[in-house]
Structure formats: C-alpha cells, structure tokens
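Step one of this worksheet: look at the structure below.
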Amino acid sequence: MTITGADILVRCLQDEGIEHIFGYPGGAALHIYDAIYKQDQVKHILVRHEQGATHAADGYARSTGKPGVVLVTSGPGVTNTITGIATAYMDSIPMVVICGQVPSGLIGDDAFQEVDTVGITRPCVKHNFLVKDVNDIASTMKKAFHIAMSGRPGPVVVDVPKDITAEQTEYSYPDSVSMRSYQPNTKGNPKQITKGVDLLLSAKKPIIYTGGGVVIGNASEQLRELVSLLKYPSTSTLMGLGAIPASDPDFLGMLGMHGTYEANMAMHDCDVMIAIGARFDDRVTGDLEKFSPDTRIVQIDIDPSSIGKNVKVEVPIVGDCAEVLAAMSKELAGRLDEIDRPAINQWWNLVSEWRSIDSLAYNPSDDVIKPQFVVEKALELTNGNAYITSDVGQHQMWAAQYYTFENPRRWINSGGLGTMGFGLPAAIGVQLAHPDETVVCITGDASIIMCIQELSTCLQYGLPIKVLNLNNRYMGMVRQWQEFFYDRRYSHSYMDALPDFVSLAESFGHVGMRVEKPQDVEVALKEAFEMKDRLVFIDVMTDHTENVYPMIAAGKGHNEMVLKPGCGKDQQERELA
Amino acid sequence: MRRIISVLLENEAGALSRVAGLFSARGYNIESLTVAPTDDPSLSRMTIVTRGTDAIIEQITKQLNKLVDVVKLIDLTEGAHIERELMLVKVTVTASNSEQREEVARLIGIFRGRIIDVTELTYTLEMTGSTSKADAFLDALSQVEIIEVVRSGVSGIGRGKRALKA
C-alpha cells in the first residue's frame, strides 16, 4: 500500500516513539499538518511563534533525554527557528526540526515564503538534509534521529518540499542505520584510561571539573561513583549542575565567571585536573593565559574537537562519559591506596579555608526584596525538587547559585548561546514531559518579554508553570556591567514602560500576583505552588541595585575574583589566597 | 606552516559548502581547495591547502572529521607525498618577435610544460607541478607580458603505499 510523503513523515515519528512535537503550520507544511490531523499518537503542541517551538522541544529534550521534535513551515517559519536551533546546537541538545519547503520546481525561484533552509541553518546544526525524493523520507528521518541522538548530540534539520509530501510510496521504517562517514567513538581507549587513572592517583592538589556532557551523556551515576572513590574537590559548570548533588561535601559549587570562590581558587591552584564533558568555555576559564598555570589535565569528551581546543591536555580520552567513567572507577577501585591522602587532606584544608569565606553570602534586607532570597525561598518551598528553567542574565546566575540541584536534568537553561526568551517556552516542554512535577521558570522583566506570547500556549494545554519574575526594572546583567566597566552610564538597560505583569498574566487567562515586600515572599510563593492546576505569574519587585557576586571580570584569572563589597572577611582572605 | 589536507567525503549536494563554511566560520585560512568525484562516484576527494600552527591544524582536522559528510582525511604533509597543480598562462608574444617566442619556448621546456595554443599575438602555456614550481615559472616569465593566469589549486597524493581510501 502506498501512502503520501506527509503520512510517511508522521509514521516515522510514531515509529521513533515520539509523543509530542512542537510547531506552527503554514503553506508548505499543510500536507504534513493534514497527516498530523488524521492520527492521535503524536500530539502536536501549537506554539505562538516558531522560536517558542524550538525552545519547548529543547526543554523537553533536556529534561527527558529524548529528542525534541519541531515542525514548521518554510521561509519565516524556518528563520524564526534559528535562535532556538542555535541554542540547542551550542548546548548539544538532540533535536529534529522538520521544515516545509516550497515545491521542488520552485526552489531557487525566490518563491513565496522560500528561504534556503539548508544554507541558513548549516552553521548552527549538527547536520541537515533536503529530501528530494519521497522514497528517501523514511531513511532520512532515521538518519536524522540517529545523528541528533548519538555522539555529541545536536539539532538536525530535515527540509521537505511540499510536492514531496504529496507524492506516494510504500512505507517502511529502517530498523537500523549505518553511515560510513559517521561513526562516533564511545568507548575510551583503555591505555588512555589507565594513563588518566595514573595521573589522578599522582595528584596532590586535584580537582574534578564536570560539565553539561555528564548530564547529556547520562553519566551522573558514574560520576558520583568516581567522586565517592576519590573524594577529591569537585566543581561543575553552569551546564553540569545537578550531576553531583549540591549537598555532597566534595562539591564546591559552580565555577567560572560567577562561580564560588573555593571552586575558582581550586581550579587555579590545582596540580591535576580531570575535565569530564566540559569544554573550557571562556566563561569558565577566564583569561586563558592565567588559567590554572601548574595543572596537568585529563579530559574526557565524546567530541575529539572539544579536547585540547582551548587548553593543552596531557591525557585526552575520547569517549562517552558514562562508559569512560565506569572503566576509570573500575580501575581506581583496586588502586585507591596509591592516593597520597596526607597531601589531599592538606589540599582540602586549603579549600576549606577558601570555602569559609562564604562567597555567596548576601546582605538580607527587611525593606527591599533580595533576589537571592526569593530563589532560596523557592528552593525551600519546592524541597529542591522542582524543574527550574531560566532565561539569561542576573536571575539566571542567582538561580544557578541559590537553587541547589541534587539531580541532573532539573536545571534547564541556555548556557552556550545565552538566549533571552528561552525560559518560558522551555518550561512548556518540561511541563509536558513531566505533568505532575513542579516546573518553575525563574526569569527577569527583560527576558520574559521576549517570548511572552507563549503564555497563550500554556493556557491552551493547561500547563501549570510557575513563572517567577525577578523584576528589577533593568536588564540587570547589562546594568551590572555598565556599573562596573562603563562608569555607570546605563545605556538602554532600563526597562522603561514595562507592562503590568499581573494584568498581563490575567489577560492571558492565568493567575497574576505581585510581591513588593520581603515579608510577603514566602506566603505568595506558597500560595502559588499550591495552585497545582494553574499557571501563576509571580511578579516579584526586587532590589534593582543588586549585583551578582562573586565575579571574574573579562580578562582576569580565577584568582582575581571580585567578591561582594564588605562580604565578611574578603580582604583578609584574599591576602591569604 | 603550510599543510595539505586530503579529504574523502560523500559526493552529495552541499558537502562542499559545509567544508567551506567551516573554514570561514572558524576563521581558518584556505590557500587553495580542489574537489572532484573519485573512481567511486559516491565519493569526492578534496585537497585543501591551509596554513596554521600545529594547534590550529589539529583543530582543522578534528572539525573536518566532525562533519557528517566527511568519511576520512589525512594530512599529506605529515609524510612523503606528491603535490601537483595545473597552471595555464596566456602571454603576449607577437609573431614578429621571434627572439621572445624562442625564449618563452625554451622556458616552458625547462619547466616541462607545453605550448597549447598559438595566435598571432599570444602563446597559451600549460604547466603542472608543485606550487613552488608554478611560482618559479611565473617568476621566470617576468620579461614577458602575462595576460592571464589560471591555477587549479593543489591536488595531492601520498607516496608509496600510503593511501586514503574509504
């Protein structure tokens, strides 16, 4: 029996086990939308802007480990997805984006709603395809999911001209896929693993530095085992939070530009570093010239091009984090007596001194709401079990610093691309995947406006997301940089003419709340979290002068952090460092 | 330093633009790039001449390998290899100036090239060889008025048993 290309696309999704797709219809995608209509296995979530579809699919993928799927039409449908695709690409998120295209015969004619989809998406996808024959749809879709999910995951675009979706052929979905040009290596080289173990055991001042690759690679369990064997100080990037429980005494908190004093100082002073699924991003390393001058590095990554890209690596191990870590722990377990415990204890003493500075302490207030306090209250009231999405800026850093994550895939944010507008649509994907869990979008008054239209999607699908808007009437992080580095010339960072978020939320059919006093925060949050079936938009008026500390300014090293003014003993402790 | 990287890639639409896009996106330098299908029509072979420090060349090879269309690659300059490019040069040599015509014919002989077209006013010369030989030939022609130069860019192959096969 023959069926249309559009039906084949949908059958592929069914056979791939896809439950939800996120999209927006249009001319070139109409055959596909008709095929969606005729079945109910794959549920389509109608967003209000294609950027929202990509972020929602992204949040879905990050919180589940399954691929996120997007369906859009040609032209503007595609161009609107670019930010979301680039966001997923930078953070290695598996995603398949199906795009309608103008009919084959019109390609290149500047047809209505035509854009060179393959060309325009090429720099921000792992791979892309233009399907030219209805007989190629099923094999292309199989390849698309295989490429998106395997190796270092990433977004894959499948561009399908409208005529191809109308043509008919027999359908059969391939069981497996084999590509001579694409065979990612997952098993680490055993000799390299032994070399890595040797180096780790020789350390006197070690650090375990982990990143998003541990979360994406489902290697949290294996990482925890390694940390429990070694008992070395451990730190994580923004993207890796939750892989090691924040409450683990070996965990020093996040590192990098707004990381903790102890994490950054330990990175600077260490003699052996093991980087696991982390790519030495500039927000992590600070000035590379000053980066960890005396360290010898073991790096585990599934992407060979991530190894040795920014810093010299002594023991590169290409492979899947979970497999390599398991092999390492196995070897380590029999050699633990080789660890120089007295030296490690001495190192821990130094690290504990750094830790005692309490670099995340902030000055509480009875008059004005401190944003850190709001995040702490949210943590307390959700018992640390919520899924947290965020946008980009100060609120993102405070969420990362004060919402302490005990488990992976709970912290959903745009780390690499730093996409404002990510949080709310991402929360849609997370809430759909986890209907009974608390999903909180911690956002700011500037970011939330960027994809505010998705409040409408939330109503349509009854998604009880809690939007926690840390409203400081500024683009806070821009304002902070202008305060520090531009002599307080606040150029265009003030959010003039903000909407009344409470009535805005209400007009979208949701519950709106405003909190203006520190004493009211707890009550309001409690009330909001108790409304299990409603989206609640909590507009919290926070201290607009608050800055994110500690901070490594651009061009500075890990040992040149700026601590909060008057933060305890900062002066004295810095001398000690 | 100068490197010659040979790449086997799927002979598919867009494969060339992925490679070219990679070089421009990451700010790598391309001195020349040649590409054509191989004896296996499903595969193209590309020769890229580039320059960079060891660290940059390492990144270039890793990034190329990461492209889904790339099957295999080697850095030819890491071992014994042969490089050739084809150069066509059109020069002004009038029939009346027999001395100049003889000089050009003698030069092309030294460089083991050929005269492939002759008109009343011009010679068109063909020469193959390494990039440095082609450069030297152009230098040798300095006394003659060059109308145009067409160079194919480098194609390379390993010496002996060294081969790049899928």
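Numbers restart at 1 for each chain; the letters A, B, ... are given by sequence-line order, proteins then strands.
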Point to revise | More than 12 heavy atoms of other groups within 6.0 Å of Asp175(A) CG | key: no

Practice item. May I ask you to check whether Ser42(B) and Arg180(A) show a side-chain donor-acceptor distance below 3.5 Å? Key: yes

Revision key, fill the gap. Bottom line for Asn128(A): the part with an atom under 4.5 Å from chain B's heavy atoms is both

Review point. How far apart are the closest heavy atoms of Ile307(A) and Lys62(B), and which atoms are they?
Key: O-NZ, 2.7 Å

**Study point:** Asp110(A), CG: over 12 other non-hydrogen atoms inside 6.0 angstrom
**Key:** no

**Study point:** Flag if over 12 foreign heavy atoms under 6.0 Å of CZ, Arg101(B)
**Key:** yes

Exercise for review: Sort Glu58(B) into side chain, backbone, both or neither according to what part of it lies under 4.5 angstrom from a heavy atom of chain A.
Suggested key: side chain

Practice item. Indicate yes or no: at least one non-hydrogen side-chain atom of Lys66(B) is less than 4.5 angstrom from one of Lys126(A). Key: no

Exercise for review: Would you indicate whether Lys132(A), at its atom NZ, is surrounded by more than 12 heavy atoms from other residues, nucleotides or ligands within a distance under 6.0 Å?
Suggested key: no

Exercise for review: Of all the heavy-atom pairs spanning Gly21(B) and Arg122(A), show the shortest one and how long it is.
Suggested key: CA-NH2, 3.8 Å

Check your understanding: Under 6.0 Å from the NZ atom of Lys290(A), do we count more than 12 heavy atoms belonging to anything else shown?
Key -> yes

Review point. Would you find more than 12 non-hydrogen atoms of other residues, nucleotides or ligands less than 6.0 Å from Arg114(B) atom CZ?
Key: no

Revision key, fill the gap. Heavy atoms of Val68(B) and Ser181(A) approach each other most closely as O-OG, 2.5 Å

Exercise for review: Apply side chain to side chain contact (heavy atoms under 4.5 Å, CB included) to Arg18(B) and His127(A), showing your working.
Suggested key: CA-CA 9 Å; Arg18(B) 287 181 211 282; His127(A) 198 59; 3.5 Å; yes

Practice item. Look up atom CD1 in Ile60(B) and atom OG in Ser305(A), then write down how far apart they are to the nearest 0.5 Å. Key: 12.5 Å

